[in-house]
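Both ligands and their constituent atoms are indexed starting at 1 by order of listing. As the structure is a prediction and not an experimental result, all values here were calculated from the model.
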Amino acid sequence: MTIAAPAIKKLTPLDIARRKGGEKIVCLTAYSTPMARLLDPIADLLLVGDSLGMVIYGFESTLPVTLEMMIAHGAAAVRGSRHACVIVDMPFGSYQESPAQAFQSAARIMAETGAAGIKLEGGEAMAETVRFLVDRGIPVLGHIGLQPQSVNVIGGFRAQGRSEADAARVMADARAAAQAGCFAIVIEGTSEPVARRATEAVHVPTIGIGASPACDGQILVTEDLLGLSGMQSPRFVKRYAELGPLVTAAATSYAEEVRAQRFPGPEHCYGPSSLDRTAIDKKTEKPAASTRTR
Ligand code: KIV
C-alpha cells in the first residue's frame, strides 16, 4: 500500500492579500533553486528581488540588472518552490516607459519563470501601469518608500517619510498603489509612524523592510540575515546567523587537504564498474602489447 504525501498548498497573491491584519506575512528573497528549496516551507512569499544585482553580481546599485537576469533567477527560484508565492522583480528600464512596455516585460516574466506575479517600484507614478497589468491578468506587488531604482534621484539609500512633505508622498503612494490593484505593497526604509499610518490607510497588506513592526508582514534579503552578503548591512537588518566565517573555514580545510594530498580519499574515488572489471581482469590475464592510457 502506498501512502500519498500530504498535498502542499501553493500560496497565491490572493492568499497573501487575504492576510491583511491577520497573521504576519513572512517574506524572504531567493535567487536560486537551492535557496528557494530551503526557504520554501518556511516563507509565505519568496521574492526574486533585483537586489540580486548588488548581492550576487556585485553591482553598486540595482540599475544594471536586466530582464534576462531576472527571468533566469526567477525560473530557478520557481523550480525550488512548492508552497510559497514566488514574485519576481521588474528590473530598472523594463516598465517605466509605458504600460505597454511594462506588460511586455511582465508577460515574459510570467511566461518564462512560472512566477505568481511581479513587483515594481513606484506609487502614484506607476498607478496607471499597475492598473493596466492587473486588468490584463498580472498580479502586482507594489513597492513604495525607499525605491532603490530611484537612488540617483533621491540622492542615496536614505530613509523616507521623515519630513512632512515626504510623509505625505509616501501616504499618497500607498493609497495609489492599493487603489490601482496591487495585492500587497512593500514599504522600504520608511519612518515608523508613516509606515504605520500607511498600513492603516490601505486595504491590502503592507510588507515592511526597515518600515516598522506595524506592517502586515516583513521581508529581508536572505543573504543579509545569514551574514552572507559581504556588504555592510543597513540598520534595519537583523543578522540571524554569521555564515561567512563558516564558508571561509570550510574552504580553508578543503585547501589544506588538497595541498596535503588528503583529499580526495579512497571513499571519494570511483572504482571500475563490474562490467569494466571483467574487461580489466581479462586484460590483466593477457596483457596487450600496447598499454597506453587516456
Ligand atoms: O530587490 C529586493 O530584494 C527588494 C526587497 C528588499 C524588498 O526589493
Donor + acceptor pair across side chains of [X], [Y] (<3.5 Å):
X: T222; Y: Y31; value: no
X: Q149; Y: Q96; value: yes
X: K10; Y: S81; value: yes

Task: ligand 1-proximal atoms of D89, by part, heavy-atom distance under 4.0 Å - done: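 The answer is the side chain.
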Regarding ligand 1, does [X] bring an N or O atom to under 3.5 Å of one of the ligand's N or O atoms?
X: D50; value: yes
X: K119; value: yes
X: Y31; value: no

- [ ] Would you mind listing which atoms of ligand 1 come within a distance below 4.0 Å of any non-hydrogen atom of I209?
- [x]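 Those qualifying, in numeric order: 6 (C).
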Task: Distance filter under 4.0 Å to L47 heavy atoms, resulting ligand 1 atoms - done: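 Contacts of ligand 1 toward L47, numbered from 1: 2 (C), 3 (O), 4 (C), 5 (C), 7 (C), 8 (O).
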Task: Salt bridge flag under 4.0 Å for residues E200 and R196 - done: no
Task: N-O pairing of K9 and D15 below 4.0 Å - done: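 Yes, this pair counts.
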Task: Close approach of E121 to ligand 1, heavy atoms, under 4.0 angstrom - done: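 E121 does not count as a contact of ligand 1 under the 4.0 Å cut-off.
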Open item on the list: Give me the atom names and distance for the closest heavy-atom approach of A184 to L141.
Closed with: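 Closest approach of A184 to L141: O-CD1, 3.3 Å.
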